[in-house]
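Down below is the structure, laid out as structure tokens.
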There are 2 protein chains.
Amino acid sequence: MDTCQVVCVNQERVENAKKKMKCDKVLFDLAEIFKILGEPTRVKILHALSKEELCVCDIASLLNSKQSAISHQLRLLRAAKIVKFRKEGKMVYYSLDDEHIANLFDEGIRHVEE
Amino acid sequence: MDTCQVVCVNQERVENAKKKMKCDKVLFDLAEIFKILGEPTRVKILHALSKEELCVCDIASLLNSKQSAISHQLRLLRAAKIVKFRKEGKMVYYSLDDEHIANLFDEGIRHVEE
DNA sequence: TTAATATATGAACAAATATTCATATATTAA
DNA sequence: TTAATATATGAATATTTGTTCATATATTAA
């Protein structure tokens, strides 16, 4: 709620940066996406789905996790439109919603592996 | 700690995915990077730094935040080698450590804006 | 319909984390 | 040295969030 107390601000630099920056909404949404990707279980789920369409129990087995834990995470990913799903009888098969996430992963992996 | 209880697992799909996946360490590190990017204050800091080198008080002013809050966040970003800094007298100027983060941001913004 | 199975979800708990306040450190100027 | 200023950081607090357990819903088969 409070603002900056220091007095060494260079207004020119600040204004220049501010001028070039995306609006708050875009940056907030961007943080939201990264937050969703910033959790090991979800990263593994998404990375697996980038290789193969899988049902909930496949994922739980692959990650050695409880079914409910995976289901909760998939709910988040669905809400964020990061994964899509199709039902086939009792089973629900998940896959990535579009290429963007895979691209983000590739770029991130390049950063991590170098 | 427990493992999957369900019995509908398709081992072929699971094995195929597992075979193609990056190792746990890479995926964990990837989640770490995304986690760091997944916070509005840090996103704003990094986005600002992608446009202009700034000192701590510039950033605090730009974001209407307390100096100490910014300083704590910069510590995280430094530890993760996402930003670098140079000292000039009392001032400390921060900038992005390399292009990877800017690339991730660009890719993320494309996802968010579409 | 009833039983069995796959998935979803609410509530509770535990763990992680962002911010604030107070204060420490470092640098410059007087 | 002392005062002033920029930044860093420890401790405490409040909030968020991931997992678990129990249970609900949905679908198929008998």
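By convention in this document, chain letters (A, B, ...) are assigned in the order of the sequence lines, proteins followed by strands, and residues within each chain are numbered from 1.
Every residue was checked against the side chain to side chain donor-acceptor pair (under 3.5 Å) condition with A:Asp98, not counting sequence neighbours, and none meets it. In terms of the ring pair (Phe, Tyr, Trp, His ring centres under 6.0 Å) criterion, A:His47 has no residue partners (sequence neighbours excluded). Applying the ring pair (Phe, Tyr, Trp, His ring centres under 6.0 Å) rule to B:Phe85 yields the partners B:Tyr94; only residues at least two apart in sequence or on another chain are considered. The side chain to side chain contact (heavy atoms under 4.5 Å, CB included) check on A:Ala69 picks up A:Lys66, with sequence neighbours excluded. Under the salt bridge (Lys or Arg N to Asp or Glu O under 4.0 Å) criterion, B:Arg13 pairs with A:Asp58, not counting sequence neighbours.
In DNA chain D, runs of at least 3 stacked Watson-Crick or G-U pairs (N1-N3 plus N6-O4 or O6-N4, or N1-O2 plus O6-N3, all under 3.5 Å) give these stems: C:1-30 with D:1-30.
Atom CD in B:Gln73 sits roughly 14 Å away from atom C1' in D:dA8 (whole-Å rounding). Spacing between atom CZ of B:Arg75 and atom P of D:dA8 amounts to 10 Å, rounded to whole angstrom units. Rounded to whole Å, the distance from CD1 on A:Ile70 to P on D:dT19 is 8 Å. If you measure from atom CG of B:Leu37 to atom C1' of C:dT17, you get 16 Å, rounded to the nearest angstrom. In this structure, A:Phe34 atom CZ and D:dT17 atom P are separated by 17 Å, rounded to whole Å. If you take CZ of A:Arg78 and C1' of C:dA8, they are 8 Å apart, rounded to a whole angstrom. Residue B:Leu74 contributes atom CG, which lies 10 Å from atom C1' of D:dA8 at whole-angstrom precision.
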Q | side chain to side chain contact (heavy atoms under 4.5 Å, CB included) evaluation trace for B:Leu62 with A:Met21 | A | CA-CA 11 Å; B:Leu62 181 57; A:Met21 286 172 71; 4.0 Å; yes

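Shown for residues 38-54 of chain A: no residue has heavy atoms falling under 4.0 angstrom of DNA chain C.
In terms of heavy atoms, A:Cys8 sits closest to B:Cys55 at SG-SG, 4.3 Å.
Annotation: the span from A:Leu37 atom CG to A:Leu46 atom CG amounts to 6.5 Å, rounded to 0.5 Å.
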Q: Summarise protein proximity over nucleotides 11-16 of chain C in one line of letters, 5' to 3': B for base, S for sugar-phosphate only, - for none, counting protein heavy atoms closer than 4.0 Å.
A: B-----

Q: Scan nucleotides 23-30 of chain C nucleotide by nucleotide, 5' to 3', and note B when protein non-hydrogen atoms come under 4.0 Å of the base, S if they reach only the sugar-phosphate, - if neither.
A: ---SBS--

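Residue pairs meeting the salt bridge (Lys or Arg N to Asp or Glu O under 4.0 Å) criterion with at least one member in residues 69-92 of chain B, sequence neighbours excluded: B:Glu53-B:Arg86, B:Arg86-B:Glu88. Sequence neighbours left out, the pairs with a member in residues 29-40 of chain B that pass side chain to side chain donor-acceptor pair (under 3.5 Å) are B:Lys25-B:Asp29.
Side chains of B:Ile82 and B:Arg42 form no contact here, defined as non-hydrogen atoms less than 4.5 Å apart.
Phosphate proximity of D:dA6 to B:Tyr94: absent, as no side-chain N or O sits under 4.0 Å from OP1 or OP2.
Alongside A:Tyr93, the hydrophobic cluster contains A:Met91 (criterion: ILVMFWY side chains under 4.5 Å).
In this structure, B:Leu76 reaches the sugar-phosphate backbone alone: every heavy-atom distance under 4.0 Å involves primed, P, OP1 or OP2 atoms, never a base.
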